[in-house]
Amino acid sequence: MRRNNHALPRRIAVAASAVLVLVASACGGTTRDDTTEEDGAAAEEEPAEEETDESESGEDEAAAGGEIPEGLTVTFLPKQVNNPYFDIAAAGGESAVGEFAGEFDQVGPSDATASSQVSYINTLTQQGIDAIVTSANDPNAICPALEEARDAGANIVTYDSDTDPGCRDVFINQASPDGIARVQLEMAAELADGEGEIAILSATANATNQNAWIALMEEMLAEPEFEGLELVATVYGDDDDQKSFQEAQGLMQSYPDLEVIIAPTTVGIAAAARYIDGSEYKGDVGVTGLGTPNQMREFVHNGTVEQFALWNPEDLGYLAAWAAAALAAGQMTGASGDTFTAGELGEYEVDEDGVVLLGPPTVFDSSNVDDFDF
């Protein structure tokens, strides 16, 4: 099994500002009231230099893309509020917004539903927010509302879970879908000694990121490395702690020979671990997936969970906020090959799909889980 037991160090930021592209003056003559036909020839021979108003020059430079304007309003709209994962991401976003002297806010529903997100987007549009940073509960349901927000002048950044690409400017992906899917199967294969029944406890049935990872895991099960594993069920806890707990319980009742529960969601993995920890299956059934060190530390130390993985959600929010600022300042448009500097994380590039990749996930176990605080 391949492991990455150390978090990636933050990269040193590259040059702070892109070189400004100066806009050439518009073509055409200047009308002067005191010019007569007789001295017109002289005027042609010795044209007077046009006076440039300093304030207009500054506006032109700002329009061309450069420094991030102070007071830029950036609002995070996660799948749901009061979710530990998204609270950590929001802390990273707030830190970034503070660095470029903007105004940060986070709003959102308490339940992870697309319809609830739509009403918040509509409100943010009416408020004239400069940038909306959102994690979509559904890839299509919030698109019409986001398109209205863009038409009203808002820059749209998605993070963690994407929409249809046509509905946003940039997607900040936590890691490659292939990398996230593979590391979870690798951990499950190790826990099951290469063979046995496994099940997936996901978030919502329409979550873009969850479904992409699950589809890839299903494909990877045909590979020689994983052919001894049998996926017997995929269930959904809707990123609700109690429902996820009940779904974990239901999996064990339906599949008593289950070897591993994979939960590619921070709410799900904690709920599954809590159920297994207090059940007769502790020590026999493995729990793995995606979680934060702070929520999983107890289960790692008491032997319920041997290993799990995640990227740093604080860095994810931090990167998303800087991307929003770069869009608002005209430093990039989200086109393939665009680059921008994300504070202390350094320089990032947009790929051909309008995606910015944070980096590979980190595997946590008893050897390193105490080294992290998020």
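The chain is numbered in sequence order, starting from 1.
- In terms of heavy atoms, Lys79 sits closest to Ala207 at NZ-CB, 3.9 Å.
- Criterion: ILVMFWY side-chain heavy atoms under 4.5 Å apart, direct or through other members. Under it, Ile132 and Phe340 are not part of a common hydrophobic cluster.
- Counted within 6.0 Å of CG on Asp353, heavy atoms from surrounding residues, nucleotides or ligands total more than 12; the atom is thus considered enclosed.
- Between Thr288 and Val305 there is no side-chain heavy-atom pair separated by less than 4.5 Å.
- Between the side chain of Thr341 and the main chain of Gly343, no donor-acceptor pair closer than 3.5 Å is present.
- The number of heavy atoms from other shown groups lying within 6.0 Å of CD (Glu195) does not exceed 12.
- Among all heavy-atom pairs drawn from Asn137 and Ala112, the shortest one is ND2-C, 3.5 Å.
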| query | Run the side chain to side chain donor-acceptor pair (under 3.5 Å) check on Ser176 and Asp178 step by step: do they pass? | reply | CA-CA 5 Å; Ser176 71; Asp178 184 273; 5.3 Å; no
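- Under the 3.5 Å distance criterion, the side-chain polar atoms of Gln80 are matched with a main-chain donor or acceptor of Ser110.
- Under the 4.5 Å side-chain criterion, counting only non-hydrogen atoms from C-beta, Thr163 is not in contact with Asn140.
- When only modelled atom types and interatomic distance are considered, Asp162 and Thr208 share no side-chain donor-acceptor pair under 3.5 Å.
- Note: Trp322 and Phe100 meet the aromatic proximity criterion, with ring centroids under 6.0 Å apart.
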| message | Could you go through Tyr159 and Asn173, starting from their C-alpha distance and side-chain angles, then the distance that decides it, and tell me whether this counts as side chain to side chain contact (heavy atoms under 4.5 Å, CB included)? | response | CA-CA 6 Å; Tyr159 72 110; Asn173 200 355; over 6 Å; no
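- The shortest heavy-atom contact between Ala324 and Val133 is CB-CG2, 4.1 Å.
- With no hydrogens or angles considered, a side-chain donor-acceptor pair links Asp239 and Thr265 at under 3.5 Å.
- Contacts classified as disulfide (SG to SG under 2.5 Å) and involving residues 83-200 (residues at least two apart or in different chains) are given here: Cys143-Cys167.
- Both Met296 and Phe86 sit in one connected hydrophobic cluster of ILVMFWY residues. Membership requires side-chain heavy atoms under 4.5 Å apart, directly or through other members.
- Side chain to side chain, Asn206 and Thr204 fail the donor-acceptor criterion of an N or O pair below 3.5 Å.
- When only modelled atom types and interatomic distance are considered, Glu103 and Thr73 share no side-chain donor-acceptor pair under 3.5 Å.
- Residues Asn294 and Thr292 have side chains that never bring a donor and an acceptor to within less than 3.5 angstrom of each other.
- One hydrophobic cluster, built from ILVMFWY side chains closer than 4.5 Å, holds both Tyr85 and Ile269.
- Judged by distance alone, the side chain of Ser95 and the main-chain N or O of Ala91 form no donor-acceptor pair under 3.5 Å.
- Each of Val267, Ile261, Ile262 was checked for a side-chain contact (heavy atoms from CB on, under 4.5 Å) with Leu201, and the lone residue meeting it is Ile261.
- A distance of 14.5 Å separates CZ of Phe171 from CD1 of Ile156, quoted to the nearest 0.5 Å.
- Hydrophobic cluster membership is shared by Leu310 and Val300, with clusters built from Ile, Leu, Val, Met, Phe, Trp and Tyr side chains linked at under 4.5 angstrom.
- No chain of hydrophobic side-chain contacts below 4.5 Å, direct or via other Ile, Leu, Val, Met, Phe, Trp or Tyr residues, connects Leu216 to Val355.
- Between Lys282 and Asn302, some side-chain heavy-atom pair lies under the 4.5 Å cut-off.
- In this structure a side-chain-to-backbone donor-acceptor pair under 3.5 Å is present from Gln117 to Pro78.
- Counted by atom type alone, Gln246 and Tyr275 present zero donor-acceptor pairs between their side chains at under 3.5 Å.
- Asn312 contributes a side-chain N or O that, together with a main-chain N or O of Glu314, makes up a donor-acceptor pair within less than 3.5 Å.
- Side-chain atoms of Gln249 do not come within 3.5 Å of backbone N or O of Phe245 as any donor-acceptor pair.
- At a threshold of 4.0 Å, the pair Arg182-Glu223 counts as salt-bridged, since one of the basic side-chain nitrogens sits closer than that to a carboxylate oxygen.
- Environment of CD in Gln242: crowded, with over 12 heavy atoms of neighbouring residues, nucleotides or ligands closer than 6.0 Å.
- Looking at Tyr120, its side chain does come within 3.5 Å of a backbone N or O of Gly108 through a donor-acceptor pair.
- Side-chain rings of Phe76 and Phe104 approach one another, their centers coming within less than 6.0 Å.
- Here the side chain of Glu230 pairs no donor or acceptor atom with the backbone of Gly196 at under 3.5 angstrom.
- Note that the CG atom of Leu319 and the CD1 atom of Ile172 stand 4.5 Å from one another [nearest 0.5 Å].
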| query | Checking side chain to side chain contact (heavy atoms under 4.5 Å, CB included) for the pair Asn368/Phe372: CA distance, chi angles, key distance, verdict? | reply | CA-CA 8 Å; Asn368 69 349; Phe372 301 87; 4.0 Å; yes
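- By the 4.5 Å heavy-atom criterion applied to side chains, Asp87 and Gln106 are counted as neighbours.
- At least one donor-acceptor pair under 3.5 Å links the side chain of Asp338 to the backbone N or O of Ala335.
- The two residues Val350 and Gly334 come nearest to each other via the heavy atoms CG1-O, 3.4 Å.
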| task | Starting from the C-alpha separation in whole Å, work towards a yes-or-no answer on side chain to side chain contact (heavy atoms under 4.5 Å, CB included) for Ser116 and Asp111. | result | CA-CA 8 Å; Ser116 297; Asp111 58 328; 3.4 Å; yes
| task | Please report the C-alpha distance between Leu191 and Glu259 in whole Å, then the side-chain angles of each, then the deciding distance to 0.1 Å, and finally whether the side chain to side chain contact (heavy atoms under 4.5 Å, CB included) criterion is met. | result | CA-CA 8 Å; Leu191 289 170; Glu259 292 285 340; over 6 Å; no
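- Formation of a donor-acceptor pair under 3.5 Å by the Asp169 side chain with backbone atoms of Val157 is not found in this model.
- Remark: Ile180 CD1 to Gln174 CD distance equals 4.5 Å, nearest 0.5 Å.
- Under the side chain to side chain donor-acceptor pair (under 3.5 Å) criterion, Thr266 pairs with no residue, sequence neighbours left out.
- Note that CD of Glu147 is 11.5 Å distant from OG1 of Thr125, once rounded to the nearest 0.5 Å.
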